[in-house]
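Data first, discussion second: the structure below is written as structure tokens.
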Number of protein chains: 2
Amino acid sequence: MVNLDDVAKLAQVSPATVSRALSRPEMVAEATRKRILQAAQELGYQPNQLARSLRQRSSQTLGLIITDILNPFHATLAKGVQDAAEKHNYTVFLFNTDEDPEKERRALNVLRGHQPRGLLIVPSPQAKENLKLVTKLPIVELDRTSGTPGIRTVMVDNVGGARKAVQHLIDLGHRRIGMIVGRLDISTAVERLQGYREALQAAGIPYDETLVRLGNHREADGRAAAQALLSMPPDKRPTALFVGNNEMTVGAVLALREMGIRIPQELSVVGFDDSRWAATIEPALTVVAQPTYELGFLACETLLSSLSRGQDTLPTSIRLDTSFILRESTAPPGGRKNGLKKRRQS
Amino acid sequence: MVNLDDVAKLAQVSPATVSRALSRPEMVAEATRKRILQAAQELGYQPNQLARSLRQRSSQTLGLIITDILNPFHATLAKGVQDAAEKHNYTVFLFNTDEDPEKERRALNVLRGHQPRGLLIVPSPQAKENLKLVTKLPIVELDRTSGTPGIRTVMVDNVGGARKAVQHLIDLGHRRIGMIVGRLDISTAVERLQGYREALQAAGIPYDETLVRLGNHREADGRAAAQALLSMPPDKRPTALFVGNNEMTVGAVLALREMGIRIPQELSVVGFDDSRWAATIEPALTVVAQPTYELGFLACETLLSSLSRGQDTLPTSIRLDTSFILRESTAPPGGRKNGLKKRRQS
DNA sequence: TTGAAAGCGCTAACAT
DNA sequence: ATGTTAGCGCTTTCAA
């Protein structure tokens, strides 16, 4: 590999001058700088970041830990982070935890070895414990929070989003509204459940725990939960369903399809998180949409700006708004049709 | 940060011994090793990979360059690569090129600075030129090839996959079969087009270039191409459509929907690359499915084994088989129904 | 089996 | 404005 010394020799200067010409051009005379740049170009020189980072005791890399890259939501998050990082000349190490705290722990340790400048993480259920491994690192949590005090977070207004969704169902006349919610050791699930409860309460509808099913965020969980809810006696079962995340929504909808339950005639459905699938399935799904890309981008910007501004910035918690997208999967209970026209509403 | 010296002091040995205890345990006496491990544990020591890689002149990192992480196909590829890399204790740098050769060039340069041990790349159209930047690096191309001689590739049997798809349409009785194909400077597009032509030829159907439309892999391109094809006069327009990649298939299907053209009664459709969307849309799409995860995993395994076995391995080109999945989007021309039952066939 | 010493490629004092 | 020198944290001769 061609290194600083090679360039220095070709340009007939000392290695230090080459280093300066590349990193602090203003410290080097115009002519020498040109000569050096020319030499570097000629040799195809690329600075060794390993050496540079070792010496500066600070790298131009970030760690990104998400729970499932196959989930379009997370892929979009990753893209947002990537783009922001690239804009600031940072390179990102990507890790997947599959929601497994043990994989998260390993990822954190590996990451530690690579001396990243900061960390963006969608925390697993046990992240609070795991994050003790990297206390020295500037961290931003995105999408959800581990509850670790003093950590910056960039999230969506889950409570408000859920409230809007359930409010919509109530407005249509539903009283028995089911919810499929994620694991309660994950903050988004807790918050969306809270939004559900708030909407019910505001409408004076008592909370009925038999209508709320827990799932582990996966398609299969949504499927099982929907089956359980819909096998309740007709007068007890929900007439509408609010599903707490995208994958479980898929499972629920497919289960309903298999059971021959028509949406929205027999059951109204609202999902959390939009996707192409939700928009183009039959019937098109009414959802609470999240600014996913922006979430990732902003989280990364937040991290980077806290790096450059030093430690003095207060741990901020950013909440982005969701938007409610009305499509064709909801109708008044009992089956009168509704919503054949598409429209949006904030 | 706690370093080797700290551990050495605590364990009352020299730094060299600590290094050995960690990297070549067999070179250190049982007792000392235990003491050292204990000390390392106590201090929460994590080796600095930057220093280690610098010294060894070889890192435990890989570069992965894909063209679009938002495309589930690429996300799945990335997951396969990740999993294989993790299994062998490698960490991966992820880059997105968005099919932009300039972004690819930048990614390659940045990557070079981080001294990865090898590179996995889904090459952009100008990769052949760009890859000259990293001639020293062991490379595996996946999904498609840049045509650079001597480079290992892990791809799918695109010709065979396309042939099966078109053969199926021919068997149903179609003669005017349209194809929406990707940019012809991308190998997968060329190969899939070739499979299309081979199937036609084998059936004695002349190749009609007005039935073949080029697109740039995006949903919008599939949409435009489908609109163009279907606005041909009824006696000239295709009765069946083979679409060369997943995103364009989405566009084509949505365009057909908007035009009110019923699938498969008025037009049969076969896509390349399966997805949840394809499987659950109405009607469920008949597709050529790819072993995507395996493609990524295998590509990474191939790269890593070539690293450990040294340079002597021959540049291998691996082809994985596709599988044809018959669902509900194809029928004989003229509208007789078919394929309401789902089944698979290799 | 262990330690001393050199050096990977770079940057940052400190000198000139 | 440029050069000299030391050292980031680690591994690897070489010597004991």
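In this text the structure is predicted, and so the values were computed from the model without any measurement. Below, read A as the first sequence line, B as the second, and so on, with proteins coming before strands; counting in each chain starts at 1.
- Contact of the A:Phe95 side chain with the A:Leu64 side chain is not registered, since no non-hydrogen atoms from C-beta on lie closer than 4.5 Å.
- Screening residues 12-42 of chain B for ring-ring contact (aromatic ring centres under 6.0 Å, His included) gives no qualifying pairs among residues at least two apart or on separate chains.
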Yes or no on salt bridge (Lys or Arg N to Asp or Glu O under 4.0 Å) for B:Arg106 and B:Asp100, after CA distance, side-chain angles and deciding distance?
CA-CA 10 Å; B:Arg106 284 205 303 272; B:Asp100 177 358; 5.8 Å; no

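- Residues from residues 49-60 of chain B lying near DNA chain C, meaning a heavy-atom separation below 4.0 Å, are B:Leu54, B:Arg55, B:Arg57 in numerical order.
- How far CD1 of B:Ile121 is from OG of B:Ser146: 7.5 Å, rounded to the nearest 0.5 Å.
- A heavy-atom distance below 4.0 Å to DNA chain D is reached by these residues of residues 33-46 of chain B, ordered by number: B:Tyr45.
- Rounding to the nearest 0.5 angstrom, the gap separating the CG atom in A:Leu142 from the SG atom in A:Cys300 is 9.5 Å.
- The side-chain heavy atoms of A:Pro123 and A:Thr145, taken from C-beta on, include no pair separated by under 4.5 Å.
- Remark: the B:Tyr45 side chain and the B:Asn3 side chain contain no N/O donor-acceptor pair separated by less than 3.5 Å.
- In this structure, a donor-acceptor pair under 3.5 Å is present between the side chains of B:Ser124 and B:Glu104.
- Counting 5' to 3', DNA chain C first comes under 4.0 angstrom of a heavy atom of chain B and last does so at the ends given by C:dT1 to C:dG9.
- Residues of residues 6-20 of chain A having a heavy atom closer than 4.0 Å to DNA chain C, listed by number: A:Ala16, A:Ser19, A:Arg20.
- Heavy atoms of other residues, nucleotides or ligands lying less than 6.0 angstrom from CD of B:Gln60 number more than 12.
- The side-chain contact (heavy atoms from CB on, under 4.5 Å) test applied to B:Glu301 returns B:Ala84, B:Lys87, B:His88, B:Phe297, not counting sequence neighbours.
- Looking at residues 24-32 of chain A, you'll see A:Met27, A:Val28, A:Ala29, A:Thr32 sit with a heavy atom under 4.0 Å from some atom of DNA chain D.
- Here B:Val134 pairs with B:Leu108, B:Arg112, B:Leu119, B:Leu131, B:Leu137, B:Ile139 under the side-chain contact (heavy atoms from CB on, under 4.5 Å) rule; sequence neighbours left out.
- Using a 4.0 Å cut-off between a side-chain N of Lys or Arg and a carboxylate O of Asp or Glu, A:Asp185 and A:Arg144 do not qualify as a salt bridge.
- The terminal axes of the helix from C:dT1-D:dA16 to C:dT16-D:dA1, fitted over 5 pairs per end, subtend an angle of 40° to the nearest 10°.
- Residues B:Pro138 and B:Arg117 fail the side-chain proximity criterion, which asks for heavy atoms closer than 4.5 Å.
- B:Pro125 has its side chain within reach of B:Arg183: a pair of non-hydrogen atoms, C-beta onward, lies under 4.5 Å apart.
- Electrostatic pairing of B:Asp68 and B:Arg218 counts as a salt bridge here, judged by a charged N lying under 4.0 Å from a carboxylate O.
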In residues 18-28 of chain A, what donor-acceptor pairs under 3.5 Å come from side-chain atoms, sequence neighbours left out?
residue: A:Ser23; atom: OG; partner: A:Ser19; partner atom: O; Å: 3.2

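- In summary, the side chains of B:Thr153 and B:Ser317 do present a donor paired with an acceptor at a separation below 3.5 Å, with no hydrogens or angles considered.
- Using a 3.5 Å distance cut-off with no hydrogens or angles, the side chains of B:Ser305 and B:Ser308 do not pair a donor with an acceptor.
- Inspection of the A:Gln82 and A:Glu86 side chains reveals no N or O donor paired with an N or O acceptor under 3.5 Å.
- First and last contacts of DNA chain D with chain B, using any nucleotide atom under 4.0 Å from a protein heavy atom and ordered 5' to 3', fall at D:dG9 to D:dT13.
- Within the structure, ring-ring contact (aromatic ring centres under 6.0 Å, His included) contacts touching residues 104-125 of chain A (residues at least two apart or in different chains) are A:Phe93-A:His114.
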